[in-house]
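Data first, discussion second: the structure below is written as C-alpha cells.
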Amino acid sequence: MTTVGFIGSGQIGSAIARLAIEAGHQVVLSNSRGPETLADTAAELGPRASAATSGEAAAAGDIVVVTVPVKAFPDLPAAPPAGKTVIDTCNYGHERDGHIPELDSKSLTLSELLLRYTPDAMLVKAFNNIFLGYSVVDAGSLADSWRQATGTPVWGTPYGPYSDEKGQPAGEDAIRAALATATR
Ligand SMILES: NC(=O)c1ccc[n+]([C@@H]2O[C@H](COP(=O)([O-])OP(=O)(O)OC[C@H]3O[C@@H](n4cnc5c(N)ncnc54)[C@H](OP(=O)(O)O)[C@@H]3O)[C@@H](O)[C@H]2O)c1
C-alpha cells in the first residue's frame, strides 16, 4: 500500500486524499495549524487516514502532495528525501500570494520555484488545471509547465463550464491541442 503525504489539506488536498483512499492508498494529512485541526477530516476519511505535522507527512509519504498557497513555499518543511516523488498542484494568484518577482517576470515557472525548496525531489506538476478523476497526459518538463498555468487554454476549459462541478472528460488530443496553443 502506498502512503501519500499531504502538505496542505484544504479543498484540493482533501479531495485528492479522498480519491487516494478510494484507490486503496493510505494518507497522512497536514496543514499550517497542526494535526489536531485535521482530526475531523481524518475521521471522515476513515482508518487509512491520519493527521500529522507537515514534516511528519513529508517523511511518511512514499509520494508527497504539495497543495498550499504559493506564498507558503518558504514555510514548507525540510526537503523530502532525495528522489521522492512530490506532486505540485499549486497555482499562483496575486490576490492570495502577493507578488513573487521570479513568477511575475516569468523567469521561473511556479514548479521551478517550488523545486528550489525541494531540490532533490522528483517534482511533478499535476492536478492544478483539472477537474479531478481523469487519465494522464505528459505535458513536458517543469520549464514548460507554464503551458498549464492559471489562465492557459488547458486550465479548466476543456472540462466544461465551472458551473458543472463534476466537469466532463476531455480526450488526450484535446488536452494536447490546448497545451500547444498556450502563449506566454
Ligand atoms: N481550489 C481549486 O479549485 C484549485 C484547483 C487547482 C489548484 N489549486 C491550487 O492548489 C493549492 C491548494 O489550493 P486549495 O484550494 O486546496 O487551498 P486551501 O483550501 O486554501 O488549502 C490550503 C491548505 O494549505 C495549508 N497550508 C498553508 N500554509 C501551509 C504551510 N506552511 N504548511 C503546511 N500547510 C499549509 C492550509 O492549512 P491551514 O488551513 O491550516 O492554513 C490548507 O490546508 C493552491 O496553490 C491553489 O491555487 C486550487
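The structure presented is a predicted model; accordingly, all values stated were derived computationally and were not measured. For ligands, and for the atoms within them, numbers begin at 1 and follow the listed sequence.
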Under 4.0 Å from ligand 1, counting heavy atoms only: the protein residues, by chain and number: Ile7, Gly8, Ser9, Gly10, Gln11, Ile12, Asn31, Ser32, Arg33, Thr67, Val68, Pro69, Ala72, Asp75, Thr89, Cys90, Asn91, Arg96, Phe127, Asn128

Verdict with reasoning, Ser107 to Ser105, per side-chain hydrogen bond (donor to acceptor under 3.5 Å, both in side chains): CA-CA 5 Å; Ser107 60; Ser105 68; 3.2 Å; yes

Under the side chain to side chain donor-acceptor pair (under 3.5 Å) test, residues paired with Thr53 that sit two or more places apart: Glu56

Those residues that, when tested against Arg18, pass salt bridge (Lys or Arg N to Asp or Glu O under 4.0 Å) (two or more places apart): Glu22

Arg176: salt bridge (Lys or Arg N to Asp or Glu O under 4.0 Å) partners, not counting sequence neighbours: Glu172

Transitive ILVMFWY side-chain link Leu113 to Trp146, under 4.5 Å: no

Test: Glu112 and Lys125 ion pair at under 4.0 Å: no

